[in-house]
K.L.:
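Can you keep this structure in mind? I'll have questions shortly.
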Amino acid sequence: MAEKSVGIAQVGTGAIALANHLPGVQIASHGKMVALCDVNQAALEQAFKVTGIEKVYTDYNRMLQDPAVDAVIIATPNRFHKEIALAAIAAGKHVMCEKPLALNYADTLEMYQAAEKAGVRHMTAFTYRFVPAMRYMGHLIKSGFVGQPYHFRVNRLQDWGDRYLNWRQSMAMAGSGELGDMLSHRLDYGHYLIGPISRLVASTRNFIPTRLDAEGKAYPSDVDDWVAALAEFESGVTGNFESTKLATGRGEGGKSQDYCEVNGSEATLIYYLGQPNSLQIGKKGGQLETLAVPEEFLKIPGSPRDPHQGDPGQVFRYDQDFEFIQAIVEGRPCQPSFLEGARVQGVMDAIQLSDREQRWVEVPDPGSV
Ligand SMILES: NC(=O)c1ccc[n+]([C@@H]2O[C@H](COP(=O)([O-])OP(=O)(O)OC[C@H]3O[C@@H](n4cnc5c(N)ncnc54)[C@H](O)[C@@H]3O)[C@@H](O)[C@H]2O)c1
């Protein structure tokens, strides 16, 4: 007998829902998008146009009463992640939530604990764990290729200038600026490749307190445009993080700089998001060279997509939705779960505290709560 497919509802049908989740769910044979929910009619209409899904809601509480909905994907502004996730968990639905998981560490812990207690699957959308080069880098580090890791280093350098960023430039709606928007993913790279971060000292800066919309109208921004942190991992590895929206002339998205490097006693590995299917490697005493990611790492195990089809900078993102659905079907934890979302949020809170108090700060461990 054919298994029932997992009915999924998309809450928040804006940019990332259209780019990642709606096409991502389509590749999984055991999952089906059954409902769309957004408070904005124009966003709902756009999502209907690309999916043809007729069941639409403007109130997520009503949507959660729909028996066809087994799971929800939350892609609203950060401010609403917690209330929607807790409502979905209370209704017995599985939840994938966009990053950053919430506005602060205490809220992410509450979400993680509620999901565990209810026995539903929970996942944080740290999309870049699914980049083939990132997965292969993780494999090489775990299998000892770099020897003893010494240093972990990332930078995310984009040119967003002074343009209007809507809810992203509001502390009340986003919880932070560049920190949650971009650095959160890179903190997760660190956790994925090296392990938990134990302490850090950090700085943030708002250079553009007023941002301009297309008509030149000015809106205040009270979030960071730049963030940097010097950190120590529990294992003793050093961490060096920088992320900015103000790297003039460096472009945006996949065409700008997203760089991650690990130096170990035996080798160096370098990842660029712009080259998702290869790594730079340097062996002891040698020079950097390019290494193609082997075929088996070009998609996650079981993913039905052909890794040689489509834009390599985009298609890995669909494996994230496949992982969510597959974990539901197999009744196993999702990777990465809300625990990883809370772990990153603990570091983000520590960065904001360090910046405010101008001192080294210990990072909490959500695994020990
Ligand atoms: N994983 C990634 O790579 C990635 C990339 C971009 C954005 N994101 C995250 O995804 C989330 C959404 O970002 P975006 O760029 O798609 O934003 P967006 O502004 O394009 O879309 C958000 C949508 O949520 C809707 N919304 C707001 N409140 C709602 C509510 N209470 N119920 C239902 N819908 C509601 C808005 O009307 C809008 O259509 C953010 O948390 C962001 O950090 C993640």
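One-based numbering, in listed order, for ligands and for the atoms of each. What's counted below: heavy atoms across the whole structure, side chains too, no hydrogens, waters or symmetry copies.
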K.L.:
When you compare ligand 1 with R317, is there at least one nitrogen or oxygen pair between them that comes in under 3.5 angstrom?
P.N.:
no

K.L.:
Under 4.0 Å from a heavy atom of H185: which atoms of ligand 1 are those, numbered in the order shown and with their elements?
P.N.:
1 (N), 2 (C), 3 (O)

K.L.:
Please state which protein non-hydrogen atom is closest to atom 12 (C) of ligand 1 and give its distance, to 0.1 Å?
P.N.:
A75 O, 3.4 Å

K.L.:
Checking contacts here: is it the side chain or the backbone of A15 that comes within 4.0 Å of ligand 1, counting heavy atoms only? Could be both or neither.
P.N.:
both

K.L.:
Could you point out which residue of T238, V237, I194 forms a side-chain contact (heavy atoms from CB on, under 4.5 Å) with H151?
P.N.:
T238

K.L.:
Tell me: protein heavy atom nearest atom 8 (N) of ligand 1, and distance?
P.N.:
E98 OE1, 3.7 Å

K.L.:
Is the terminal nitrogen or CZ of K142 (NZ for Lys, CZ for Arg) located under 6.0 angstrom from the six-membered ring centre of Y192 and within 45° of that ring's axis?
P.N.:
yes

K.L.:
Just how far is it from atom CD of Q345 to atom OH of Y112, taken to the nearest 0.5 Å?
P.N.:
15.5 Å

K.L.:
Write out the residue and atom name of the closest protein heavy atom to atom 21 (O) of ligand 1, then the distance separating them to 0.1 Å.
P.N.:
G14 CA, 3.3 Å

K.L.:
Tell me whether I16 has any N or O atom under 3.5 angstrom from an N or O of ligand 1.
P.N.:
yes

K.L.:
A cation-pi test, strictly: NZ or CZ of R135 under 6.0 Å from the centre of the six-membered ring of F316 and no more than 45 degrees from its axis. Yes or no?
P.N.:
no

K.L.:
For atom 23 (C) of ligand 1, what's the nearest protein heavy-atom neighbour? Residue, atom name and distance, please.
P.N.:
D38 OD2, 3.6 Å

K.L.:
Using distance alone, determine whether A125 and ligand 1 share an N or O pair under 3.5 Å.
P.N.:
yes

K.L.:
Quick check on H81 - does any of its heavy atoms sit under 4.0 Å from an atom of ligand 1?
P.N.:
yes

K.L.:
For T13, is at least one N or O under 3.5 Å away from an N or O on ligand 1?
P.N.:
no

K.L.:
Report the part of R168 (side chain from C-beta onward, or backbone N, CA, C, O) that has a heavy atom under 4.0 Å from ligand 1; answer both or neither where that applies.
P.N.:
side chain

